There are 2 protein chains.
Amino acid sequence: MSDDTRYLKGGPVAQRIMAEVKADAAAATAEGFPPKLVSITVGDVAAVGVYVRNQKAKAELTGIGFEERRFEADITASELEAAIHGMNADPRVTGIIVQRPVPAHIPIKAIQAAIHPLKDVEGMHPASIGNIVYNQLDLAPCTAAASVELLKETGLDLKGLEVVVVGHSEIVGKPIAFLLMSEGATVTVCHHMTRSVAAHARRADALFVAVGKPRMIKADMVKPGAAVIDIGINSEVGPDGKNRIVGDVDTESVKDVASWITPVPGGVGPITVAILLRNTMVALNRQRALYRTTFGANDKLAAE
Amino acid sequence: MSDDTRYLKGGPVAQRIMAEVKADAAAATAEGFPPKLVSITVGDVAAVGVYVRNQKAKAELTGIGFEERRFEADITASELEAAIHGMNADPRVTGIIVQRPVPAHIPIKAIQAAIHPLKDVEGMHPASIGNIVYNQLDLAPCTAAASVELLKETGLDLKGLEVVVVGHSEIVGKPIAFLLMSEGATVTVCHHMTRSVAAHARRADALFVAVGKPRMIKADMVKPGAAVIDIGINSEVGPDGKNRIVGDVDTESVKDVASWITPVPGGVGPITVAILLRNTMVALNRQRALYRTTFGANDKLAAE
């Protein structure tokens, strides 16, 4: 697979984004505004440990501070909200991420909405989602933004592009739809109630799939020459009896029809953390912009 | 036209919604929480006078207080924002609407975002838009919500319905798309960059049109039996030399193909103000719910 140009690989895109983030972070730090991301975990840290370690390593590579705050599994929602309000008010904290899953008694949407929109680096606050609808596209939910980055790698002109998104989740399918509508694509969103997903999928120049059904999209559901972005991450037992990760697309057959296809793993996944870090810089720059418009001052330190 | 059952008329729907609002407003007032809508106009009031008078009359019919606040055309954006912050803090004000147009130096989006989301009865704050994406559908931009109400009048099952929206504006086309996605429809959004609007429109069970082009949608662009919701309001000179209002759909020819069609005027228009008043009650009820969850108290007056 390594030399097959049909594969849209996430690694190089992630590297490029991280290099941009690193330059941005260095400049902000030199001006007295070091970016710092606070990671909130509630309860069993082991379940999310591998994700958090990866975020921390990548953040530090790009010069973004990363601080873990761990809360006991029996914290109440009000206590957690109060802790978040404290971080909202703390000027040293420039971004906040809540690691999922959280215990069942914690209402995740209310917790995410408690994060100040200016520090919402996951792009999940309702106001962040609304801002995308209003064509402010630079801060979007990480997986959605990562998927759109991969489509852009194809060089296809997004204006007038026929896009079909299979899966209408609030943080993946729908934001992909708004992001691409704002870029001029004609977008259709399909889901489990759609009469014929195949009929829509077959007319798509670009097909995004995020439903969590292993190999649901077969070759006969894809238009020849299409770009196929597979966002699914499913674990299944392979022919060798070991667990393996597969996407929502039957990659082996679809790659003979599509012009571009994302491998799973190795497609959207690696870009997601890079987008989280880019969002951290977007958030910091919005905080600085608000400071400037509020106080009308140049926000560099006087010492410079 | 009066007896043609193909016409989806807005009047009766508006009446039904207003009757519900009236009962709601009476109950809230009896419990010590009278709803009050503040209308903000900036500069030339004549341009919006007819709209404001209509809103005021309908509000008073339903028992919602209506107060006009008029600001001079040369008010600065900061002064206007400060005035809105005052209304946000004023417990007697339960809803705020900014009448458009405003003078060119007033950034309308920033002003709308200054309104507290709990008092945003127009549904235009980014957080209000984001809440719709998160399937909280009871408070949406008025014209979008009014259009969806009319579709529901047909009795069509929204689950799996093939919907095409022509026009991707932030406050009409896009919110219609999210509202219907959340109800289970398969939605495609077309716009001026779409390669063939006709190809999409012809496969729609329900077709929404909001582009501002007189009679753009002809009979050969509509699927037989479709529901056609015409949101356009265009002024043109009629054969008698007088100005008349026409929609974006060529009603005369399309009505022979469609099973349902909205007249213009008399379709979506009359429902819009009713939705504004319903939104005012939703906003008030959210304010009361926040009070209850924050203070854990029954919020009826002790005297009752």
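Every chain is numbered from 1 and lettered A, B, ... according to where its sequence line falls, protein lines coming before strand lines. Owing to the predicted nature of the structure, the values given are computational and were not obtained by experimental measurement.
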Portion of A/V189 that has a non-hydrogen atom of chain B nearer than 4.5 angstrom: both
For B/P126 versus A/A127, what's the shortest heavy-atom pair and its separation? CB-O, 3.7 Å
Would the distance check show the side chain of A/H191 and the main-chain N or O of B/A185 forming a donor-acceptor pair, the cut-off being under 3.5 Å? yes
Can you tell which part of B/E162 gets under 4.5 Å to a heavy atom of chain A, answering side chain, backbone, both or neither? both
Flag if over 12 foreign heavy atoms under 6.0 Å of CG, B/L156: yes
Going from CG on B/N131 to NE2 on A/H125, what distance comes out if it is rounded to the nearest 0.5 angstrom? 8.5 Å
From A/M181 CE over to B/E170 CD, what is the distance, rounded to the nearest 0.5 angstrom? 12.0 Å
Counting C-beta onward and ignoring hydrogens, is there a side-chain heavy-atom pair between B/L161 and A/R195 closer than 4.5 Å? yes
Does any backbone or side-chain atom of A/D157 lie under 4.5 Å from a heavy atom of chain B? Answer side chain, backbone, both or neither. neither
Can you tell me which portion of A/H192 sits under 4.5 Å from chain B's heavy atoms? Options are side chain, backbone, both or neither. neither
B/V133 portion near chain A, given a 4.5 angstrom heavy-atom threshold: both
With a 4.5 Å heavy-atom cut-off, do B/H200 and A/T186 have their side chains touching? yes
Please check: side-chain N/O of A/Y134 versus main-chain N/O of B/I129, any donor-acceptor pairing under 3.5 Å? no
In terms of heavy-atom pairs under 4.5 Å with chain A, the winner among B/S128, B/G184, B/S196 is B/G184
For the side chain of A/K174 and the backbone of B/F178, is there at least one donor-acceptor N/O pair under 3.5 Å apart? no
Rounded to the nearest 0.5 Å, what's the gap from NZ on B/K159 to CE on A/M193? Could you check? 6.5 Å
Got more than 12 heavy atoms from elsewhere within 6.0 Å of CD1, A/I75? yes
